[in-house]
Chemist: 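I have a structure I would like to understand better, so I am pasting it below and will then ask my questions one at a time.
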Amino acid sequence: MAATDTARLSVIVPALNEAAAIADTLSALQPMRERGHEVILVDGGSSDRTMDIARPLVDRVLSAARGRACQLQAGADAAQGGIFWFLHADTGVPVDAEKLIIRALGYGSREWGRFDIRFTGGGLRMRLVATGMNLRSRLSGIATGDQGIFVSRGLFERVGGYPDIPLMEDIALSRQLRRVTRPVSLRTSLCTSARRWQVNGYLRTVLLMWGLRLAYSAGLSPATLAKYYGTGPR
């Protein structure tokens, strides 16, 4: 049965040189496509085969300026569904993800939410990182992109969509959405890669993430923070 417009998901996946991971992520979304939901990949200028691999597995492949905020907003602008789900290109999803999202937004006044997160690889250290991220998000009402933010089209448009900033776009969007309503914090987990920690080092990455969040909360601009973010994968 095809999804109705209001309950139709538009899964928006930003990508940049994700040829190694994109097929697995998109393949897991094919049952959703068969049930009438759409998947949009927004490429930020890949130099590998990301777009070629993705094309038969999505409803639309778009190109946008490099940067998650630009790519995510481009996907939202082209989306047809009544619910937007922003999903990273290296993320594994549960088989019942769409049902969880539709159910979460179908009751009460909540119009957005996110999943818990767990990491592939990394052992105990990454389990502790995931636990900390999930708890912090549940207490603060702020979500990160790794947690797969989902939001009704109406609320997303009401808050002005993704801000055009080079970093901290998911935190900025969460703050805008939280002013309207707190998120639904699903305890079901998305599974994402621990490559950022593996490439850049566990301690260095944790300190960098904490430092960036504290600096952003203290008022430093995303443009300034982007200069110090480094070149590791996001």
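Position 1 is the first residue of the sequence, and the numbers go up from there.
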Chemist: Linking I/L/V/M/F/W/Y whenever any side-chain heavy atoms sit under 4.5 Å apart, do Val159 and Ile171 land together?
Modeler: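 No, it is not one cluster - the side chains of Val159 and Ile171 are not joined through contacts under 4.5 Å.
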Chemist: Mind listing the closest non-hydrogen atom pair of Ala64 and Cys70 along with its distance?
Modeler: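 Answer, listing the atom of Ala64 first, then Cys70: CB-O, 4.3 Å.
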Chemist: Check whether Trp112 reaches the backbone of Ile149 with its side chain - one donor and one acceptor, N or O, closer than 3.5 Å.
Modeler: no
Chemist: So, Thr50 side chain and Ala19 main chain: donor-acceptor pair closer than 3.5 Å or not?
Modeler: yes
Chemist: If every non-hydrogen atom of Ala23 is compared with every non-hydrogen atom of Ile53, which pair is closest and at what distance?
Modeler: CB-CG2, 3.8 Å
Chemist: Give a yes or no on whether the backbone of Ile142 and the side-chain of Ser137 come within a donor-acceptor separation of less than 3.5 Å.
Modeler: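 Side chain of Ser137 to backbone of Ile142: a pair is present.
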Chemist: Ignoring hydrogens and angles, tell me if any N or O in the side chain of Arg8 forms a donor-acceptor pair with the backbone of Gly82 under 3.5 Å.
Modeler: no
Chemist: According to a hydrophobic-cluster definition based on side-chain heavy atoms being under 4.5 Å apart (Ile, Leu, Val, Met, Phe, Trp, Tyr only), do Leu100 and Phe84 belong together?
Modeler: no
Chemist: For the atom pair CG (Leu177) and CZ (Arg182), what is the distance rounded to the nearest 0.5 Å?
Modeler: 12.5 Å
Chemist: Check the angle between the aromatic planes of Phe150 and Phe115 and answer parallel, tilted or perpendicular using the 30° and 60° thresholds.
Modeler: perpendicular
Chemist: Using modelled atom types and a 3.5 Å cut-off, is there a donor and acceptor pairing between side-chain atoms of Glu38 and backbone atoms of Gln80?
Modeler: yes
Chemist: In terms of hydrophobic clusters joined by side-chain contacts under 4.5 Å, are Ile40 and Leu173 together?
Modeler: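 Shared cluster, yes.
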Chemist: If we ignore hydrogens and angles and just use 3.5 Å, is the side chain of Asp43 paired with the main-chain N or O of Ser46 as donor and acceptor?
Modeler: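 Yes, Asp43 side chain to Ser46 backbone: donor-acceptor pair under 3.5 Å.
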Chemist: side-chain contact (heavy atoms from CB on, under 4.5 Å), that's the test. Do Asn134 and Ile117 meet it? Break it down for me.
Modeler: CA-CA 7 Å; Asn134 296 331; Ile117 188 175; 3.2 Å; yes
Chemist: How about Gln73 and Asp164: do any of their side-chain heavy atoms sit closer than 4.5 Å?
Modeler: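 A side-chain contact is absent here, since even the closest heavy-atom pair is not under 4.5 Å.
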Chemist: Is there a side chain to side chain donor-acceptor pair (under 3.5 Å) between Arg33 and Gln30 once you walk through the steps?
Modeler: CA-CA 5 Å; Arg33 292 182 68 205; Gln30 298 313 295; 2.8 Å; yes
Chemist: More than 12 heavy atoms of other residues, nucleotides or ligands under 6.0 Å from CZ of Arg66: is that the case?
Modeler: no
Chemist: Looking at every non-hydrogen atom in both residues, tell me the closest pair between Leu190 and Asp146 and how far apart they are.
Modeler: CD1-O, 3.9 Å
Chemist: Starting at CD of Gln71, measure out to CG of Leu16 and round the result to the nearest 0.5 Å.
Modeler: 6.5 Å
Chemist: Work out which heavy atom in Ser10 is nearest to a heavy atom in Gly81; give both atom names and the distance.
Modeler: OG-N, 2.8 Å
Chemist: With hydrophobic residues grouped by side-chain heavy-atom distances under 4.5 Å, do Met51 and Leu62 end up in a single group?
Modeler: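 No, Met51 and Leu62 fall in different hydrophobic clusters.
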Chemist: Atom CD1 of Ile83 and atom NE2 of His37: how far apart are they, to the nearest 0.5 Å?
Modeler: 8.0 Å
Chemist: Could you check whether any side-chain heavy atom of Ser174 comes within less than 4.5 Å of a side-chain heavy atom of Arg114, counting everything from C-beta outward?
Modeler: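 No; the side chains remain at least 4.5 Å from each other.
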Chemist: Can you confirm whether more than 12 heavy atoms, excluding those of Asp52, are under 6.0 Å from its CG atom?
Modeler: yes
Chemist: How long is the straight-line distance from CZ of Arg49 back to CG of Asn17, given to the nearest 0.5 Å?
Modeler: 13.0 Å
Chemist: With a 4.5 Å limit on heavy-atom distance, are the side chains of Ile12 and Trp85 in contact?
Modeler: no
Chemist: Kindly give the heavy-atom pair with the smallest separation between Ala15 and Ala89, and that separation in Å.
Modeler: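 Shortest heavy-atom contact: CB-CB, 4.3 Å.
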Chemist: Donor-acceptor check, side chain of Arg178 to backbone of Ser140, threshold 3.5 angstrom: yes or no?
Modeler: yes
Chemist: Output the distance between atom CG (Leu87) and atom OG1 (Thr91), rounded to the nearest 0.5 Å.
Modeler: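 Here the interatomic distance stands at 5.0 Å.
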Chemist: Would you say Arg127's side chain and Arg118's backbone share a donor-acceptor pair under 3.5 angstrom?
Modeler: no
Chemist: Do Tyr216 and Leu208 share a hydrophobic cluster (ILVMFWY, side-chain heavy atoms under 4.5 Å, transitive)?
Modeler: yes
Chemist: Between Leu220 and Leu212, is a side-chain contact (heavy atoms from CB on, under 4.5 Å) present by the stated rule, with each step listed?
Modeler: CA-CA 9 Å; Leu220 268 69; Leu212 288 173; over 6 Å; no
Chemist: What's the spacing between Ile101 CD1 and Met32 CE if we round to 0.5 Å?
Modeler: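 These two atoms lie 6.0 Å from each other.
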Chemist: Checking the side chain of Arg153 only, and the main-chain atoms of Ala79 only, is there a donor and an acceptor separated by less than 3.5 Å?
Modeler: yes
Chemist: A quick test of your reading: do over 12 heavy atoms of other residues, nucleotides or ligands sit less than 6.0 Å from CZ of Arg175?
Modeler: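 Yes.
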Chemist: Taking the side chain as C-beta and beyond, is there a heavy-atom pair between Arg138 and Asp116 under 4.5 Å?
Modeler: yes
Chemist: Within the 4.5 Å heavy-atom criterion, are Ile22 and Leu41 side-chain neighbours or not?
Modeler: yes
Chemist: Kindly state whether the ring of Phe156 and the ring of Phe86 have centres lying under 6.0 angstrom apart.
Modeler: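 Ring centres of Phe86 and Phe156 closer than 6.0 Å.
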Chemist: Flag the pair Val42 / Leu72 as yes when at least one side-chain heavy-atom distance between them is below 4.5 Å, and no otherwise.
Modeler: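 The answer is no, as the side chains (C-beta and beyond) never meet within the 4.5 Å cut-off.
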Chemist: Are Val129 and Met133 packed together at the side-chain level, in the sense that at least one heavy-atom pair is separated by less than 4.5 angstrom?
Modeler: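 Touching, per the 4.5 Å side-chain cut-off.
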Chemist: Could you check if a side-chain atom of Val39 sits within less than 4.5 angstrom of a side-chain atom of Leu57, using non-hydrogen atoms only?
Modeler: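 No, too far: nothing below the 4.5 Å cut-off.
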